[in-house]
Amino acid sequence: MNTINQLKWRYATKKFDASKVLSEEKLNILKQAFNLTATSFGLQTISLLIIKDRILRQDLVPHSYNQRQVVDASHLLVICIEDNITDTNIDIHFNNVKQIRETPEAILKPFRDDLKQMMQGKTVKERQEWSLKQAYIALGNLMTVCAVESIDSCPMEGFNPAAFDEVLNLKEKNLKSVLLLPVGFRANDDMFSGFKKVRKQLNDAVIEM
């Protein structure tokens, strides 16, 4: 499958076919793609919620400016960040490094301590902004994987995160919702699917030196 052709096929799906559901195989690909997304220091201060329950998603529509993609898509992906990055998050990461790579603590400790010091030097808001940048990397990765796998998607910033957090009880999980990605299959009558892509000429978008 040609990657560029699939990226040309992709568009921000405005109308999903509510009768079509992603297979578990496709969902597993998206789960793994999210988990394999590059993050700064590999710290992974982001999480992915996958919501299939249409009743729950219907409750979220009013908090999404009534955008029907939230409920008509096969699944709603909600990308979240840690409400606050603590020493515990950093220890979890380096403990995983120690276990998986069998790296001695003597080698890891300077990096562990430096990262803790760096995070302690940031305000909570700055830590959240740092995590938000990681969330956008994950969103871009998921959108590309969706295109390659012929899964339709629609990246969304237009929603009320505080209301989502309340409905989904995210505070209990120390999480904040930041981005949405409904995924599934385009409806046959979505007129946007036939629109030509509007992009700059390649030479205007890419500068070679």
Side-chain angles (χ1 to χ4, degrees), residues 3 7 10-13 29-51 60 63-65 67 69-70 73 75-97 100 108 110-149 151 153-183 199-200 205-207 209:
T3 302
L7 290 174
R10 186 212 70 80
Y11 76 108
T13 305
I29 290 172
L30 295 183
K31 292 175 188 178
Q32 293 196 52
F34 176 82
N35 199 45
L36 289 168
T37 295
T39 59
S40 186
F41 300 104
L43 200 54
Q44 290 184 285
T45 57
I46 55 176
S47 297
L48 182 67
L49 269 63
I50 301 178
I51 307 176
L60 295 172
H63 308 304
S64 312
Y65 302 102
Q67 296 179 87
Q69 298 99 311
V70 167
H75 293 73
L76 175 63
L77 309 188
V78 183
I79 300 177
C80 305
I81 61 172
E82 293 284 335
D83 185 49
N84 189 19
I85 301 172
T86 67
D87 286 355
T88 300
N89 297 108
I90 295 169
D91 283 332
I92 288 172
H93 169 64
F94 280 99
N95 290 343
N96 280 338
V97 174
I100 294 170
L108 294 177
F111 298 101
R112 187 195 296 257
D113 292 344
D114 284 348
L115 189 51
K116 286 182 180 180
Q117 185 176 3
M118 186 194 83
M119 285 299 170
Q120 289 165 3
K122 296 179 182 293
T123 64
V124 172
K125 184 177 180 180
E126 287 172 337
R127 293 172 197 162
Q128 291 175 353
E129 290 174 349
W130 185 86
S131 290
L132 180 59
K133 294 176 182 178
Q134 318 306 311
Y136 275 99
I137 296 172
L139 177 67
N141 187 41
L142 284 171
M143 289 170 62
T144 299
V145 171
C146 281
V148 170
E149 293 294 326
I151 299 169
S153 67
C154 182
M156 295 172 57
E157 294 177 302
F159 71 106
N160 184 336
F164 262 64
D165 295 352
E166 183 175 351
V167 172
L168 300 173
N169 296 316
L170 295 184
K171 190 173 182 179
E172 297 177 3
K173 300 177 176 64
N174 193 43
L175 296 175
K176 295 174 69 71
S177 58
V178 292
L179 294 166
L180 306 181
L181 188 69
V183 294
R199 295 291 189 274
K200 293 179 179 180
V206 179
I207 301 171
M209 304 177 70

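- Looking at every heavy atom in both residues, Ser131 comes nearest to Thr45 through OG-OG1, 2.7 Å.
- Of all non-hydrogen atoms in Gln67 and Gly158, the two that sit nearest each other are NE2-O, 2.9 Å.
- The nearest pair of heavy atoms linking Asn141 to Ala33 is ND2-O, 2.9 Å.
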Tell me which donor-acceptor pairs under 3.5 Å the side chains of residues 170-182 have, and how far apart each pair is, sequence neighbours excluded?
residue	atom	partner	partner atom	Å
Asn174	ND2	Glu82	OE1	3.0
Ser177	OG	Pro161	O	3.3
Ser177	OG	Asp165	OD1	2.7

> Given Leu60 and Leu168, is the side chain to side chain contact (heavy atoms under 4.5 Å, CB included) satisfied, shown in steps?
Replying inline: CA-CA 9 Å; Leu60 295 172; Leu168 300 173; 4.3 Å; yes

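- Formation of a donor-acceptor pair under 3.5 Å by the Gln44 side chain with backbone atoms of Asn35 is found in this model.
- Counting non-hydrogen atoms of neighbouring residues, nucleotides and ligands closer than 6.0 angstrom, the CD atom of Gln120 exceeds 12 such neighbours.
- Between the side chains of Asn89 and Thr86, a donor-acceptor pair is found at a separation under 3.5 Å.
- For the atom pair CG of Leu43 and CH2 of Trp130, the computed distance is 4.5 Å after rounding to the nearest 0.5 Å.
- Legend: residues meeting ring pair (Phe, Tyr, Trp, His ring centres under 6.0 Å) with Phe94, ordered by chain and number and at least two apart, are absent.
- Of all heavy-atom pairs spanning Tyr65 and Phe159, the tightest one is CE1-N, 3.5 Å.
- Not counting sequence neighbours, the partners of Val97 by the side chain to side chain contact (heavy atoms under 4.5 Å, CB included) test are His93, Arg101, Thr103, Leu108.
- One N or O on the side chain of Thr123 and one on the backbone of Glu126 form a donor-acceptor pair closer than 3.5 Å.
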>> Could you go through Ile81 and Gln128, starting from their C-alpha distance and side-chain angles, then the distance that decides it, and tell me whether this counts as side chain to side chain contact (heavy atoms under 4.5 Å, CB included)?
In response: CA-CA 7 Å; Ile81 61 172; Gln128 291 175 353; 3.9 Å; yes

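- Not one N or O on the side chain of Arg10 forms a donor-acceptor pair closer than 3.5 Å with the backbone of Cys146.
- At distances below 3.5 Å, not a single donor-acceptor pair connects side-chain atoms of Gln69 with backbone N or O atoms of Cys154.
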>> For a side chain to side chain contact (heavy atoms under 4.5 Å, CB included) check, start with the C-alpha distance between Cys80 and Val78, then their side-chain angles and the critical distance, and finish with the verdict.
In response: CA-CA 6 Å; Cys80 305; Val78 183; 3.9 Å; yes

